[in-house]
Amino acid sequence: MKRIVILGATGSIGRSTLDLVERSPERFQVTAVTAATNAEALADIARRTGSSFAAIADESRLGELRERLAGTDCRAAAGEAALLEAAAHDAELVIAAIVGCAGLEPVMAAIGPGRTVALANKEALVTAGALMTDAAARHKAMLLPIDSEHNAIFQCLAGSRREDVARLVLTASGGPFRTSPELLDDVTPAQAIAHPNWSMGAKISVDSATLMNKGLEVIEAHYLFGLPSDRLDVIVHPQSVIHSMVEFIDGSVLAQLGAPDMRIPIAYALAWPERIETPADRLDLAAIARLDFEAPDLARFPALALARAALEAGGAAPIVLNAANEVAVERFLAGAIRFTDIAAMVGDALHAADWPAPSSIGDVLAIDRATRLRVEAAMTENCP
Ligand code: NDP
């Protein structure tokens, strides 16, 4: 029996994880679950899974959570400390599926001795970078990527020597606006979150539409697999059948293929080093018939180049990139700015950034907070 904590249990990744866990009750026991504000869904998940601890970030929802858990053995708590307690709860595996830099401290708390952390929360790794991978090495904690591209690379790398790898190729669907002829200024949040292949939370859906998601993934790949920016390529592959590739020094290329269903990489992380069955569709290559590839359009989607520049600049730049993007995406989803303003705001924030490189998670959080304040102040200034 593998004991599991699910951070961000009420989200898209959290729900896909639960779907798999509930199909194999003899293999998995959920011990703790968390959410931001959704007390109703969190209580329902805690009841269904028999979790012993449920943590909600929003302290004003604690009363509701307690009421909904009445009559169960599940203890409820709220606030930042409660999230950290959940992350450090009794378990062999922690699923890190909070969205944004808000998940950073819980991920760091999860990297306890002997723990495996299945990481969906890419923003945590993008912002903490080597501070996180060093902590994982120090604590002998394993970071298992859930992001489909990194999970694909992880699978392709199995058993190979680092020096035999020539480059990694991350595939990108291109998002909903890959072929749209119109200017991107006027696209709406509803259009931006309508991803052609994947069903995901709102923030990552917008990131996929701007290609910032691919940029964050290039940074994530750098920290997970230790390759420099010039050996981390991106190719647009609209069918999302090949989830990423590894090219070796002899010219061999290994790819991982599968239906675009997050339950496949999540199942891999849940069962690692074994495999379990999933209800995901099987690949029917004859029906798919063709696989297409093209270079990303960096002029229409400047976010990808901004992310790469942030990786190459190093230091605080990835934190600034991520914080500005989180603020901008939130504002776009609220209807306050245009789609094309997202990359512009991120570019301005990077340009203005002058923070020293972080030497602790406290530094990372301070740079994250300061950048958010700067970006918000700049927005207020620019609004009539
Ligand atoms: P969702 O928005 O669907 O879910 C986010 C989860 O995090 C929810 O449980 C939410 O709780 C919780 N949460 C949000 N804000 C906070 C906060 N400030 N403090 C604590 N908890 C919080 O996101 P996704 O599941 O789509 O994505 C999660 C992560 O996984 C992201 O980093 C994303 O980039 C990554 N990822 C997602 C993929 C996907 O297919 N969805 C694919 C690959 C990576 P509540 O419900 O109460 O708001």
Side-chain angles (χ1 to χ4, degrees), residues 5-19 32-46 54-62 64-65 77-87 95-107 109 117-128 144-152 170-173 193 195 197-208 210 212-217 219-221 224 240 243-244 259-266 268-269 280 322 325-326 329-330 333 365 368-369 372:
V5 168
I6 308 177
L7 305 172
T10 50
S12 165
I13 292 288
R15 282 182 275 111
S16 294
T17 304
L18 286 161
D19 179 66
V33 287
T34 78
T37 57
N38 194 341
E40 183 176 358
L42 185 64
D44 176 54
I45 290 166
I56 191 146
D58 181 346
E59 299 190 11
S60 71
R61 306 291 171 108
L62 181 57
E64 181 191 349
L65 183 62
E80 245 169 65
L83 291 184
L84 300 186
E85 187 183 340
I95 307 288
I98 291 175
V99 61
C101 187
L104 173 55
E105 284 188 291
V107 172
V117 178
L119 190 72
N121 183 193
K122 65 190 82 184
E123 299 90 347
L125 183 55
V126 164
T127 52
L144 267 182
I146 282 186
D147 222 349
S148 61
E149 296 76 3
H150 307 75
N151 187 272
L170 286 91
T171 52
S173 70
I193 62 175
H195 196 278
N197 304 337
W198 300 94
S199 157
M200 309 183 286
K203 193 260 176 184
I204 185 175
S205 297
V206 174
D207 285 347
S208 297
T210 58
M212 179 59 87
N213 184 49
K214 212 47 55 182
L216 296 175
E217 288 178 5
I219 302 175
E220 186 185 7
L224 282 174
S240 298
H243 298 304
S244 279
D261 184 329
M262 284 308 294
R263 288 175 300 183
I264 297 177
I266 295 171
Y268 184 90
N322 180 72
N325 183 57
E326 285 195 33
V329 170
E330 207 178 288
L333 285 169
L365 295 172
D368 172 76
R369 269 193 301 272
R372 286 168 194 266

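Read the numbers this way: they start at 1 and go in the same order the structure lists the ligands and their atoms. Only this structure's heavy atoms are used, side chains among them; waters, hydrogens and symmetry mates stay out. Numbers here simply count residues along the sequence, with the first being 1.
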From the candidates Ala55, Ala35, Ala102, Ser12, the one that places a heavy atom nearest atom 17 (C) of ligand 1: Ala102
Donor + acceptor pair across side chains of Thr37, Asp58 (<3.5 Å): no
Heavy-atom check, side chain of Pro145 versus side chain of Leu119, under 4.5 Å: no
Atoms in ligand 1 with a heavy atom of Leu83 nearer than 4.0 Å: 20 (C)
Check: Asn322 and Cys101 side chains under 4.5 Å, non-hydrogen atoms: yes
Heavy atoms from other residues, nucleotides or ligands near CD of Glu330 exceed 12 (cutoff 6.0 Å): no
Exercise: identify the closest heavy-atom pair between Val117 and Ala96: CG1-CB, 4.1 Å
Enumerated ligand 1 atoms positioned under 4.0 Å from heavy atoms of Gly8: 6 (C), 7 (O), 9 (O)
Shortest protein contact, atom 19 (N) of ligand 1 (heavy atom only): Ala57 CB, 3.8 Å
Donor-acceptor contact present, side-chain Ser240 to main-chain Pro260, <3.5 Å: no
Closest approach of Thr10 to Ala35 (non-hydrogen atoms, all atoms of both residues): OG1-CB, 3.5 Å
Residue Glu123 vicinity, atoms of ligand 1 by number, heavy atom under 4.0 Å: 31 (C), 32 (O), 34 (O)
Heavy-atom nearest neighbour in the protein, as seen from atom 34 (O) of ligand 1, with distance rounded to 0.1 Å: Lys122 CE, 3.2 Å
Flag for Asn121-Glu123: side-chain donor and acceptor within less than 3.5 Å: yes
Side chain, backbone, both or neither: the part of Ile204 lying under 4.0 Å from ligand 1 by heavy atom: side chain
Closest approach of Ala97 to Gly14 (non-hydrogen atoms, all atoms of both residues): CB-N, 4.3 Å
Options Ala41, Ala36, Ala202, ranked by nearest heavy atom to atom 13 (N) of ligand 1, top entry: Ala36
Of the listed options Asn151, Val126, Val99, closest to atom 2 (O) of ligand 1 (non-hydrogen atoms): Val99
Which segment of Met262 sits under 4.0 Å of ligand 1 when only heavy atoms are counted: side chain
Ligand 1 atoms in contact with Gly201 (distance to a heavy atom under 4.0 Å): 3 (O), 26 (O), 41 (N)
Numbered atoms and elements of ligand 1 in range of Asp147, under 4.0 angstrom, heavy atoms: 43 (C), 44 (C)
Numbered atoms of ligand 1 (with element) below 4.0 Å of Asn38, judged on heavy atoms: 46 (O), 47 (O)
Sub-4.0 Å heavy-atom approach of Lys203 to ligand 1: no
salt_bridge(Asp207, Lys203) N-O dist < 4.0 Å: yes
Non-hydrogen atoms of Pro106 and Ala87 that approach each other most closely: O-CB, 3.2 Å
Taking atom 35 (C) of ligand 1 as the reference point, the nearest protein heavy atom with its distance: Ala120 O, 3.1 Å
Where ligand 1 meets Met200 - atom numbers and elements under 4.0 angstrom, heavy-atom basis: 39 (C), 40 (O), 41 (N)
Atom 29 (C) of ligand 1 [closest protein heavy-atom partner, distance rounded to 0.1 Å]: Ile98 O, 3.7 Å
Contact partition for Leu42 relative to ligand 1, non-hydrogen atoms under 4.0 Å: neither
Ligand 1 N/O within reach of Thr10 N/O, cut-off under 3.5 Å: yes
From the candidates Ile13, Asp207, Leu7, Ile266, the one that places a heavy atom nearest atom 39 (C) of ligand 1: Ile13
Close side-chain approach of Ile6 and Thr34, heavy atoms under 4.5 Å: no
Between His195 and Ser173: side-chain donor-acceptor atoms closer than 3.5 Å: yes
Ligand 1 contacted by Ala97 (non-hydrogen, < 4.0 Å): yes
Those atoms of ligand 1 less than 4.0 Å from some heavy atom in Asn121: 32 (O)
Nearest-contact summary for atom 4 (O) of ligand 1 - protein heavy atom, Å: Gly11 CA, 3.1 Å
Any N or O of Gly14 closer than 3.5 Å to N or O of ligand 1: no
Closest non-hydrogen atom pair, Ile45 against Ala9: CD1-O, 3.5 Å
